[in-house]
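The structure appears below as structure tokens.
Start at 1 with the first residue, then count along the sequence.
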Amino acid sequence: MILDGYTANPGDLSWGKLKELGALTVYERTQPEETVARAKEAEMVLTNKVLLRRQEIEQLPNLKYIGVLATGYNVVDLEAARERGIIVTNVPAYSTESVAQMVFAHLLTVTNRTEHYAIQNRQGKWTASPDFSYWDTTLTELAGKTFGIVGLGNIGKRVAAIAQAFDMKVIAYTSKAASQLPEYIEKKTMDELLRESDVLSLHCPLTADTKQLINRETLQKMKSSAILINTGRGPLINDQDVAEALNNNRLRAYCTDVLTEEPAKSDNPLLQCEYAYITPHIAWATCEARTRLIEIATGNVKAFIEGKAQNVVS
């Protein structure tokens with residue numbers, strides 16, 4: 001049973017190979033109060049964002065397997081699953097290329113303002129210009145700038161390689177030893193990273209230590225001209241503190257694909273900031289990445305049925 005299949009497959013892909021493995025029911029969306037009733041008879045449940053907490057797991061007597069249709073698996077109470085002997089799997093690394101691509105789509109939106117000028121042209125601004133060239137914003141070359149990265153997992157490493165291809169200086173805050181890093185990545189302390197980065201991109205997991213990593217105190221250590229990018233998790237930053245920094249010209253731009261609460265709440269202060277560039281959690285959602293997601297998730301189910309569970313996080 002799939003509890004919330006719509007975001008992974010709104011109809012442009014197929015669950016066909018999964019159906020070959022057993023009787024399959026797909027719900028597009030499931031509300032919290034519907035979870036137990038829908039999954040009561042299921043032996044295997046797949047979920048993206050529907051929570052399977054202890055209270056749900058304890059009411060699902062037939063449950064043997066939970067497949068998370070994502071890389072992050074905080075939607076499942078792993079301790080409760082372990083106590084029941086329930087295997088939990090995730091889908092690692094399926095979206096690396098797509099998320100890295102979104103990082104630079106956001107960055108280039110700020111530095112080159114292509115969408116802004118496309119709109120300006122439709123409004124006749126260039127047509128009315130007395131000069132052959134028209135611009136009304138600062139345009140920025142990336143070569144020679146310093147690109148800072150927090151976290152060098154699969155996505156962080158891919159972002160680093162792309163930044164290096166733009167001829168940027170790449171620095172990182174990472175648990176990896178300096179000797180493990182490619183020669184073009186320089187390991188830094190967090191304070192050094194904050195102080196030196198022209199662009200700072202967050203790619204660390206959300207933990208007690210990284211929650212609101214970017215806040216009023218850390219923002220004060222950053223360049224006022226810096227661009228902050230978050231394609232990791234919304235709570236890595238303090239929304240109010242970043243909004244204040246943007247409004248007070250202490251941060252050039254905040255580019256994010258994630259918010260603390262999703263979907264976005266209408267009172268989120270970032271929604272009113274001119275220089276907050278927000279996309280609705282779509283970095284992972286290219287057709288290619290979703291195809292990989294379904295293929296790997298199906299492979300996880302098949303491996304479990306055959307007694308050779310893979311990508312186990314429980």
Side-chain angles (χ1 to χ4, degrees), residues 96-97 99-114 135 137-205 209-210 212-233 236-238 241-246 248-258 270 273 275-279 283:
T96 298
E97 296 297 336
V99 175
Q101 179 175 311
M102 179 62 87
V103 169
F104 288 89
H106 267 294
L107 179 55
L108 293 169
T109 292
V110 176
T111 59
N112 293 73
R113 302 299 301 275
T114 49
W135 72 91
T137 67
T138 298
L139 303 174
T140 303
E141 185 175 85
L142 293 178
K145 302 294 190 299
T146 298
F147 195 108
I149 300 173
V150 181
L152 282 176
N154 291 323
I155 296 173
K157 288 187 292 187
R158 187 69 183 112
V159 167
I162 298 171
Q164 194 265 344
F166 273 103
D167 201 22
M168 302 182 77
K169 177 183 178 181
V170 182
I171 60 177
Y173 177 72
T174 174
S175 59
K176 292 180 172 64
S179 60
Q180 295 178 283
L181 305 183
E183 61 179 13
Y184 60 83
I185 302 178
E186 186 177 349
K187 182 170 180 172
K188 295 285 185 177
T189 66
M190 191 64 198
D191 279 353
E192 290 172 333
L193 195 80
L194 293 166
R195 186 172 61 249
E196 297 175 22
S197 295
D198 297 303
V199 179
L200 180 62
S201 195
L202 307 180
H203 300 287
C204 53
D209 291 333
T210 61
Q212 297 193 7
L213 176 69
I214 303 301
N215 53 50
R216 184 175 287 107
E217 180 182 351
T218 51
L219 284 162
Q220 288 173 349
K221 298 176 182 180
M222 296 176 64
K223 299 177 182 180
S224 61
S225 59
I227 299 167
L228 176 64
I229 303 175
N230 184 8
T231 55
R233 292 290 182 266
L236 292 173
I237 68 116
N238 180 295
D241 292 351
V242 171
E244 289 178 3
L246 290 169
N248 294 323
N249 297 316
R250 289 188 286 105
L251 185 67
R252 177 176 174 182
Y254 178 50
C255 303
T256 186
D257 188 56
V258 289
L270 292 167
C273 294
Y275 297 111
Y277 301 85
I278 303 170
T279 48

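A donor-acceptor distance shorter than 3.5 angstrom exists from the side chain of Thr210 to the backbone of Pro205, with no hydrogens or angles considered. Checking side-chain atoms of Asn248 against main-chain N and O of Arg250 turns up no donor-acceptor pair under 3.5 Å. Between the side chain of Lys221 and the backbone N or O of Glu192 there is no donor-acceptor pair closer than 3.5 Å. Judged by distance alone, with hydrogens and angles left aside, the side-chain atoms of Thr218 form a donor-acceptor pair with the main-chain N or O of Asn215 at under 3.5 Å. Judged by distance alone, the side chain of Gln180 and the main-chain N or O of Ala177 form a donor-acceptor pair under 3.5 Å.
Remark: Lys145 does not engage Asp198 in a salt bridge, criterion side-chain N to carboxylate O under 4.0 Å.
Other residues, nucleotides and ligands contribute over 12 non-hydrogen atoms within 6.0 Å of the CD atom of Glu244.
Between the CG atom in Leu108 and the SG atom in Cys255 there is a gap of 10.0 Å [rounded to 0.5 Å]. For the atom pair Asn238 CG and Gln212 CD, the distance stands at 4.0 Å (nearest 0.5 Å). Separation of atoms CG (Leu107) and CE (Met102) is listed at 13.0 Å; rounding is to 0.5 Å. The line from CG of Leu194 to CG of Leu219 is 8.5 Å long, rounded to the nearest 0.5 Å. The OH atom of Tyr277 lies 9.5 Å from the CG atom of Leu246; values are rounded to the nearest 0.5 Å. Within the model, atoms CG of Leu202 and CD1 of Ile155 stand 12.0 Å from one another, a figure rounded to the nearest 0.5 Å.
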Could you check Thr256 against Thr279 for side chain to side chain contact (heavy atoms under 4.5 Å, CB included), going step by step and ending with a plain yes or no? CA-CA 6 Å; Thr256 186; Thr279 48; over 6 Å; no

Does the side chain to side chain contact (heavy atoms under 4.5 Å, CB included) test come out yes or no for Thr174 and Leu193, once each step is laid out? CA-CA 11 Å; Thr174 174; Leu193 195 80; over 6 Å; no

Between Ile214 and Asp241, is the side chain to side chain contact (heavy atoms under 4.5 Å, CB included) condition met? List the steps. CA-CA 8 Å; Ile214 303 301; Asp241 292 351; over 6 Å; no

Dump the intermediate steps for side chain to side chain contact (heavy atoms under 4.5 Å, CB included) on Leu152 and Leu181, then the final yes or no. CA-CA 9 Å; Leu152 282 176; Leu181 305 183; 3.6 Å; yes

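Between Ala160 and Tyr184, the shortest heavy-atom contact is O-CE1, 3.7 Å. When all heavy atoms are compared, the tightest approach of Met222 to Leu251 is CE-CD1, 4.0 Å. Residues His203 and Ile149 approach most closely at CD2-CG2, 3.8 Å, considering heavy atoms. Across Arg252 and Thr138, no two heavy atoms sit closer than the pair NH2-O, 3.9 Å. Gly148 approaches Ser197 most closely through the heavy-atom pair CA-OG, 3.3 Å. Counting all heavy atoms, side chain and backbone alike, Cys204 lies closest to Leu213 at SG-CD2, 4.4 Å.
Using a 4.5 Å cut-off on side-chain heavy atoms (C-beta onward), Ile171 and Lys187 make no contact. Looking only at side-chain heavy atoms (C-beta outward), Leu200 and Val150 come within less than 4.5 Å of each other. Here the side chains of Phe147 and Val103 are in contact, with some heavy-atom distance below 4.5 Å. When side chains are defined from C-beta on, Tyr254 does not count as touching Ile278, because their heavy atoms never get closer than 4.5 Å.
With hydrogens and angles left out, the side-chain atoms of Arg195 and Thr189 include no donor and acceptor closer than 3.5 Å. For the residue pair Thr96 and Asn154, no side-chain donor N or O sits within less than 3.5 Å of a side-chain acceptor on the partner.
Here Phe104 and Phe166 bring their ring centres to under 6.0 angstrom of each other.
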